[in-house]
Amino acid sequence: MAATAVAVTVVVVVVVAACDVTPAVTLPFPPPAAPTTPPQPLGPAASALAALPVKGRAPKTGYARAQFGPAWADTDHDGCDQRNQVLGRDLTFVVKRGRCIVVTGVLHDPYTDTSVPFIRGALTSDDVQIDHVVALSNAWQTGAQALDVYQRELIATDPLNLLAVNGPTNQSKGDGDAATWLPPAKGYRCAYVARQVAVKTRYKLWVTPAERDAIARVLTDCPAQALP
């Protein structure tokens with residue numbers, strides 16, 4: 001009996017001792033830190049856009065095409081008017097009469113991503129038109145009216161601001177800015193708005209808030225877009 005009692009006592013002591021042990025507390029590991037994406041550097045077009053003044057559109061009062069000098073004046077003095085110079089630059093399979101006059105050619109239109117034949121003639125020449133990428137009335141309302149006539153003439157004839165394009169598409173653009181018109185070919189929109197930014201930068205024009213926002217939205221798809 002005595003031996004049995006001792007055994008029971010030992011068991012009780014062991015059980016009680018086990019109950020007094022505080023279990024170890026296991027803390028959950030902190031969640032891994034979310035990876036951070038470093039800010040992407042702005043490309044030249046986006047940086048130039050950010051540097052442009054932003055203002056409301058000035059009144060169109062006093063605007064006329066004549067405020068930008070004679071149409072297609074040879075401002076670079078190479079002996080060829082600017083329309084033929086741009087046709088010669090932008091068309092392929094070009095045939096000329098003399099040194100300057102483009103008679104035929106083929107345009108790969110950047111605005112529609114289609115091919116357009118050019119044949120000089122009263123009924124066919126307008127199939128290919130020369131677009132002012134920054135429309136002259138837009139330029140007038142965003143700072144050009146404060147420039148002198150010579151500077152405005154440069155805006156109208158600067159190859160940077162001129163593109164040979166599909167005639168009907170150019171007509172649909174009218175004098176729209178990026179907030180109201182973009183090329184139907186989405187793959188060309190980054191290059192298009194970058195050219196607008198380059199022109200406005202060169203001639204110290206401004207952008208309207210809507211124009212700035214529209215250009216910025218396009219450039220989100222091509223943050224490294226260069227200026228032409």
Do [X] and [Y] come within less than 4.5 Å of each other through their side chains, counting heavy atoms only?
X: Gln85; Y: Cys100; result: no
X: Val149; Y: Arg152; result: yes
X: Leu52; Y: Thr201; result: yes
X: Leu219; Y: Leu49; result: yes
X: Val197; Y: Leu227; result: yes
X: Asp131; Y: Gln171; result: no
X: Pro168; Y: Asn170; result: no
X: Gln225; Y: Val218; result: no

How long is the straight-line distance from [atom2] of [Y] back to [atom1] of [X], given to the nearest 0.5 Å?
X: Leu107; Y: Phe93; atom1: CG; atom2: CZ; value: 12.5 Å
X: Lys96; Y: Cys80; atom1: NZ; atom2: SG; value: 6.0 Å
X: Asp81; Y: Ile130; atom1: CG; atom2: CD1; value: 9.5 Å
X: Ser125; Y: Arg83; atom1: OG; atom2: CZ; value: 6.0 Å
X: Tyr111; Y: Trp181; atom1: OH; atom2: CH2; value: 5.5 Å
X: Asn138; Y: Gln141; atom1: CG; atom2: CD; value: 7.0 Å

Just by distance, do the side chain of [X] and the backbone of [Y] share a donor-acceptor pair under 3.5 Å?
X: Arg189; Y: Pro183; value: yes
X: Asp109; Y: Asn166; value: yes
X: Asp74; Y: Gly79; value: yes

(request) Check the side chains of Arg120 and Asn84 for a donor-acceptor pair under 3.5 angstrom, ignoring hydrogens and angles. (result) yes

(request) Please check if any side-chain donor atom of Thr124 sits under 3.5 Å from a side-chain acceptor atom of Asp127, or the reverse. (result) no

(message) Is the distance between the ring centroids of Trp140 and His132 under 6.0 Å?
(response)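 When the ring centroids of His132 and Trp140 are compared, they turn out to be at least 6.0 Å apart.
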
If you look at every heavy atom in [X] and [Y], which pair is closest and at what distance?
X: Pro44; Y: Ala224; value: CD-O, 4.0 Å
X: Ala178; Y: Gln196; value: CB-OE1, 3.6 Å
X: Ala198; Y: Pro228; value: CB-CD, 3.9 Å

Let me have the donor-acceptor pairs involving side chains of residues 153-164, under 3.5 Å, with sequence neighbours excluded, atom names and distances please.
residue : atom : partner : partner atom : Å
Thr157  : OG1  : Thr75   : OG1          : 2.7
Thr157  : OG1  : Glu153  : O            : 2.8
Asp158  : OD1  : Leu160  : N            : 2.9
Asp158  : OD1  : Arg202  : NH1          : 3.3
Asp158  : OD2  : Arg202  : NH1          : 2.7
Asp158  : OD2  : Tyr203  : OH           : 2.7
Asn161  : OD1  : Val133  : N            : 3.2
Asn161  : OD1  : Val134  : N            : 2.7
Asn161  : ND2  : Val134  : O            : 3.3
Asn161  : ND2  : Ile155  : O            : 3.1

(request) Spell out, yes or no, whether Val207 and Tyr192 are grouped together once hydrophobic residues are joined by side-chain heavy atoms under 4.5 Å, including indirect joins. (result)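 Yes; tracing contacts between hydrophobic side chains, which count when under 4.5 Å, links both residues.
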
Using atom types as modelled, flag every donor-acceptor pair under 3.5 Å from a side chain in residues 55-65 to any protein atom, sequence neighbours excluded.
residue : atom : partner : partner atom : Å
Arg57   : NH2  : Asp177  : OD2          : 2.7
Arg65   : NH1  : Gly69   : O            : 2.9

(request) Run through Asp113, Val116, Thr92 and flag the one making a side chain to side chain contact (heavy atoms under 4.5 Å, CB included) with His108. (result)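 When Asp113, Val116, Thr92 are each tested with His108, the side chain to side chain contact (heavy atoms under 4.5 Å, CB included) holds only for Asp113.
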
(request) With Phe118 as reference, evaluate Leu91, Asp90, Val94 under the side chain to side chain contact (heavy atoms under 4.5 Å, CB included) test and give the passing residue. (result) Leu91

